[in-house]
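Predicted model, so just to flag it, every value in this text is computed and none were measured. We're numbering straight along the sequence, starting at 1.
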Amino acid sequence: MTADLTIPKMIPNLISNSISDRFDLKVGVNGDRLNRRIEQLAKIGKQPSGCIKRLAFTSDDIQARYLVQQWMSEAGMTLRTDAAGNLIGSYAGTEADLPAFATGSHIDTVPSGGKYDGVLGVLAGIEVVQTLHEQNRRLKHPLEVIVFTDEESTMIGSQAMAGTALLNEPERYQPSPGDSIQDCLERIGGDWNALATARRDRTQIGAFIELHVEQGAVLETTGNQIGVVQGVVGIRRLLITITGKANHAGTTPMTLRQDALVAAAQVVLAVRNTARRMESQPVSTVGYLTVSPNSVNSIAEEVQLTVDMRDLSKDVLEEMTDRLQQDLHFIALDTDTAIETAPLLTVEPTPAAKPIQRTIASVCQQLNLSHCSLPSRAGHDSLEIGRVTNMGMIFVPSQAGISHSETEYTSPEDCVNGANVLLHTLLKLDGMQNS
Ligand SMILES: [Zn+2]
């Protein structure tokens with residue numbers, strides 16, 4: 001009898017927990033609706049070639065925003081636009097005073113973009129909220145879906161929200177020639193002069209999770225359905241100027257040459273080797289090069305080239321820069337040229353929060369989705385938002401690793417998998433953070 005009295009007290013808790021766990025895992029987004037909306041949004045800005053051109057602040061961008069606003073309202077969200085033109089849909093939580101959980105991405109594209117870059121993260125976020133709304137369910141935390149302004153060009157939306165925007169230098173943000181950022185923001189309901197008010201911090205946003213297509217081929221080649229992003233890599237970009245001496249290609253003996261292009265060839269290899277020598281597998285690229293006088297019978301006098309180095313670790317980026325500088329010194333001596341470097345761009349890496357990475361991985365396990373960890377080597381709104389709050393990113397495969405093209409493709413199943421991982425990650429974090 002004693003046992004009978006004790007066990008019933010214990011069992012209800014155990015049962016209700018396991019039932020609610022099982023129930024939760026069965027909850028999934030409406031995949032048909034998600035994929036239908038991806039197709040619908042892809043019609044706005046569609047070019048005869050098949051690519052999508054929906055540049056931020058254009059009439060196509062504004063039309064797409066209207067459509068997304070309708071879907072947000074339908075999903076039970078209240079809407080607002082901040083001073084940076086970020087469109088924010090809010091779905092209230094059940095407990096007062098908790099910071100919001102936020103998700104989202106962008107709906108602007110590059111001049112010849114595809115259907116999924118950015119769009120998937122926004123529409124999956126709306127789908128998550130609509131799924132909760134239809135089940136009459138709320139998280140403890142308020143839930144926000146954010147459409148960031150102009151991710152593809154100025155990143156003004158996420159920078160303003162992270163407080164990293166250069167408020168006194170509007171000229172640094174020029175979405176297109178002849179267009180001022182002030183006018184552009186006004187067009188979408190923002191206000192440059194009030195940009196500081198768009199800033200948020202971790203007391204307002206407790207966690208930000210972005211679902212995005214990988215835009216690379218790691219998931220496809222390793223056969224994984226979901227990528228747990230370790231962070232968004234930082235960038236060191238340099239301009240290297242090599243100065244030699246122009247001379248006749250026929251009459252100048254090999255021993256007397258100061259050939260800037262021969263030096264450049266060595267620099268290109270040094271840049272590649274700098275990355276290859278590091279254990280963490282950073283990447284390093286020379287993608288731009290000009291030769292002067294660039295003439296068939298002249299020895300090159302000047303070569304300018306760019307170096308783009310990316311890694312998750314600031315220390316690795318700094319070590320690569322130092323090693324490259326040493327190599328440049330010896331190349332200059334060897335080729336009798338002068339080599340100068342100037343910084344072009346410095347972006348610090350943003351690591352994803354470890355507890356969020358672990359939660360995404362455990363959700364994948366529960367949903368039986370194969371997954372692996374990987375860095376994001378492309379920039380995202382998460383890069384900025386991760387500077388002010390706990391950030392996590394979920395990747396789904398990009399066919400052949402192609403993106404920023406009309407051939408960008410992620411299968412409908414992968415889109416739905418990503419949205420379900422997003423849903424369950426948010427549910428799990430909601431339970432963890434307040435239990
Ligand atoms: Zn994107």
Exercise. Does a side chain donor of either T109 or R54 reach within less than 3.5 Å of an acceptor in the other side chain?
Worked result: no
For this session: Please check if any side-chain donor atom of D201 sits under 3.5 Å from a side-chain acceptor atom of T203, or the reverse.
Result: yes
For this session: Apply side chain to side chain donor-acceptor pair (under 3.5 Å) to S373 and Q230, showing your working.
Result: CA-CA 6 Å; S373 292; Q230 298 159 312; 4.7 Å; no
Exercise. Is there a side chain to side chain donor-acceptor pair (under 3.5 Å) between Q325 and T341 once you walk through the steps?
Worked result: CA-CA 8 Å; Q325 292 290 3; T341 59; 3.0 Å; yes
For this session: Starting at CD of Q215, measure out to CG of D117 and round the result to the nearest 0.5 Å.
Result: 4.5 Å
Exercise. Between E95 and R138, is the closest basic N to carboxylate O distance under 4.0 Å?
Worked result: no
Problem set entry | Qualifying side chain to side chain donor-acceptor pair (under 3.5 Å) pairs with a residue from residues 351-363, counting only residues at least two apart or across chains | S362-K428
Problem set entry | Reference residue V147; test side-chain contact (heavy atoms from CB on, under 4.5 Å); the match among L87, D381, N86 | L87
Exercise. Do S411 and E413 have a side chain donor and acceptor closer than 3.5 Å?
Worked result: yes
For this session: Test side chain to side chain donor-acceptor pair (under 3.5 Å) on T58 and D60 and set out the steps.
Result: CA-CA 5 Å; T58 60; D60 284 328; 5.0 Å; no
For this session: Hey, could you give me the CD/CD distance between E134 and Q130, rounded to the nearest 0.5 Å?
Result: 5.0 Å
Problem set entry | Verdict with supporting geometry, E348 and R236, salt bridge (charged side-chain N to carboxylate O under 4.0 Å, His left out) | CA-CA 8 Å; E348 298 305 349; R236 295 287 184 277; 3.1 Å; yes
For this session: Please name all residues satisfying salt bridge (charged side-chain N to carboxylate O under 4.0 Å, His left out) with D82, sequence neighbours left out, ordered by chain then number.
Result: none
For this session: Report the residue from D61, D179, D150 that forms a salt bridge (Lys or Arg N to Asp or Glu O under 4.0 Å) with R187.
Result: D179
Seminar exercise, completed: When F101, Y91, F208 are each screened for ring-ring contact (aromatic ring centres under 6.0 Å, His included) with H141, the one that passes is F101
Exercise. Can you find a side-chain donor-acceptor pair between Q304 and T290 that sits under 3.5 Å?
Worked result: no
Problem set entry | T285-R237 side chain donor-acceptor pair, cut-off 3.5 Å | no
Problem set entry | T149 side chain near M161 side chain, heavy-atom distance below 4.5 Å | no
For this session: Before accepting this row, confirm whether a basic side-chain N of the pair R36/E39 lies closer than 4.0 Å to the acidic partner's carboxylate O.
Result: no
Exercise. Hey, mind stepping through V228 and I394 against side-chain contact (heavy atoms from CB on, under 4.5 Å) and telling me if it holds?
Worked result: CA-CA 5 Å; V228 183; I394 301 161; over 6 Å; no
Seminar exercise, completed: Nearest heavy-atom contact between L211 and A124 is CD2-CB, 3.5 Å
Exercise. Would a 4.5 Å heavy-atom cut-off, applied to side chains only, mark S105 and H212 as touching?
Worked result: yes
Exercise. Is there a side-chain contact between L55 and D108, using heavy atoms and a 4.5 Å cut-off?
Worked result: no
Exercise. Charged N to carboxylate O below 4.0 Å: is that the case for E406 and K46?
Worked result: no
Problem set entry | Electrostatic pair D327-R277, nearest N-O below 4.0 angstrom | yes
For this session: Verify, without hydrogens or angle tests, whether E186 (side chain) and D191 (backbone) share a donor-acceptor contact under 3.5 angstrom.
Result: no
For this session: Inspect the contact between K115 and E408 and indicate whether a charged nitrogen and a carboxylate oxygen are less than 4.0 angstrom apart.
Result: no
